[in-house]
Amino acid sequence: MADFGYDISNFTAIDPIFGTMEDFDSLLQAAHDLGLKVVMDLVPNHSSDEHEWFQKSLAKEDPYTDYYMWSNASGFDEVGNPLPPNNWLSVFGGPAWKRMEGRQQFYLHQFLEKQPDLNFRNPAVQTEMQNVIKFWIDKGLDGMRIDAIKHLVEVENLTTDEPLSGDPNVQDPNEYGYLAHPYTTNQPETLNIMRQWRILLDQYPESKLMMAKVGYNGEEIDLVMKYYGTEEEPIADFPFNFNFIDNFHNRSDVTGFSLKFTVTEWLDNLPAGKWPNWVLGNHDQTRIATRMGKDLVEALNMMTLLLPGTPVTYYGEEIGMENTFVSFEDSKDPSGCIWGPDRYMEFSRDPQRTPMQWDNSTLAGFTDGPSSWLPVNENYVTLNVAQQEAADQSCIKNYKQLTALRKAEVFFSGELAFPVITNEIFSYVRYLADNPTYLVLINASEEQVTANLHHDANFVLPPTALLVMRTSSDTRPVTVPGTVIDLSAVPMLAGEGMVMQVLNF
Ligand code: GLC
């Protein structure tokens, strides 16, 4: 629990604090009985330092001696202390090397000290990880989300320093962003190893999902796309598309142009025959309401759920949860705590990891225990599932309507076009012969606007459309779902999203 499940001491067991293997088996069965698929997070890059492999590796017990990234000191300082092999930094801050007296060597940890990197140049390690995958898939698991995959393999020559990033926003030499990472990320060998995982998954009769978490921070798009593999040699079903995370840091970053840019950036770079995906947020990133704007959450859900491809929703975004203030004393995330009380808030991921807000009872109905791991957001009294289920219009009701709507063939295989894009307006249509055409319309601005879908349009729309859905804070009689809307004058609230069925088309 040093990194909450990302520091694994046994890859084929359930941590007793979460239950037993029988609990896991019955969860999987219950989900399957409901027609749900279950995927798990696979964390191949590192184990816990408490893993038996690491303990034996430290003791140089074969075959574990080279299971991790051990290296000698590069030299000694004036007082005779050994110096790390190179300048590499941990993602969470500080040097990525830790010296162990036991072996008189340093080991690499691209994340916490308690997360030593496995050595994937060692074929025995590759086999171990294949066995881990097989273990879970044999149990009936439907696939996996692969963690931190770009870090899997490092350059062979461990004396190679990484260059400075030159990022003017990063002044502290201990911050990961101080360096560029050409030697510790996205090495070509990683793709070959993942290709073996795909081959393994393809041996099962049912299709198994492989989603890869490559990286944030404006990773070069062509590097990310490589994780799809090719049509002949597929790898992941998709690497996560984090461009909605990378491109949007503030409410003011959201414009019609920036939304269109971000959608087409992925689609235009997608390799032939591959399937897109859209991620608005996750456990590592500030919540959508906090990062992109409370008013926009529903519009963005409409956008991602009706685009071609798979939308990825982080829990709580169906109701528009916000970041929670977590004091330094209550903080748990090591990536925040490492920086101390003055800077923890810049890095802590706790604010987006607080309990799901089910209802207005104590601890938001998340637990009937005396306390929760992280504090519940104070807004749970009014912002919760039960309240939204009871309301006439709500974020979750729209979300459910979207999940039902997206089952229509036009959203699965229909074409995509963008009728009008301005600073304020983002719009797209989905169309397919012999199927109804749909229009998704977003007012990205912080003002009310009247959208004209006929002015300067790249896609000819008829005069009117039938309103199917609007942002739930909109209660105006002129935009009640079912109303026929004049497409040359659509009255939209700030941040509003609408879905319409285009008539006579
Ligand atoms: C990935 C995960 C993150 C975790 C890290 C180390 O970045 O998304 O939550 O801390 O890997 O495993």
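Ligands are counted one by one from 1 in listed order, and the atoms in each one are counted from 1 as well.
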Validation row, ring centre Trp136 to ring centre Phe24 under 6.0 Å = yes
query = Out of curiosity, is Phe92 lining ligand 1, as in a heavy atom under 4.0 Å away?
reply = yes
ask   = Do any heavy atoms of Arg145 fall under 4.0 Å from ligand 1?
value = yes
Atoms in ligand 1 with a heavy atom of [X] nearer than 4.0 Å:
X      : value
Arg349 : 3 (C), 4 (C), 9 (O), 10 (O)
His46  : 6 (C), 12 (O)
His283 : 2 (C), 3 (C), 8 (O), 9 (O)
Asp284 : 2 (C), 3 (C), 7 (O), 8 (O), 9 (O)
Ala148 : 11 (O)

request  = Check for a donor-acceptor pair, side chain of Thr185 on one end and backbone N or O of Pro182 on the other, with a separation under 3.5 Å.
outcome  = no
note = Judged by heavy atoms only, the candidate from Asp147, Ile146, Asn282 nearest atom 12 (O) of ligand 1 is Asp147
message = Does the structure place the NZ or CZ of Arg406 under 6.0 Å from the centre of the six-membered ring of Tyr399, at an angle of no more than 45° from the ring's axis?
response =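 Judged by the rule, Arg406 and Tyr399 form no cation-pi pair.
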ask   = Heavy-atom contacts under 4.0 Å between Arg353 and ligand 1: side chain, backbone, both, or neither?
value = side chain
inquiry  = By the side chain to side chain donor-acceptor pair (under 3.5 Å) test, which pairs, at least two apart or in different chains, include something from residues 236-245?
reply    =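 Side chain to side chain donor-acceptor pair (under 3.5 Å) check on residues 236-245 returns Arg198-Asp237, Asn243-Glu265.
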inquiry  = Pairing donors with acceptors under 3.5 angstrom, does anything connect the side chains of Asn384 and Thr382?
reply    = no
key: Side chains of Asp41 and Tyr6, donor plus acceptor under 3.5 Å   = yes
inquiry  = For Ser335, give me all partners under side chain to side chain donor-acceptor pair (under 3.5 Å), at least two apart in sequence or on another chain.
reply    = Asp333, Arg349
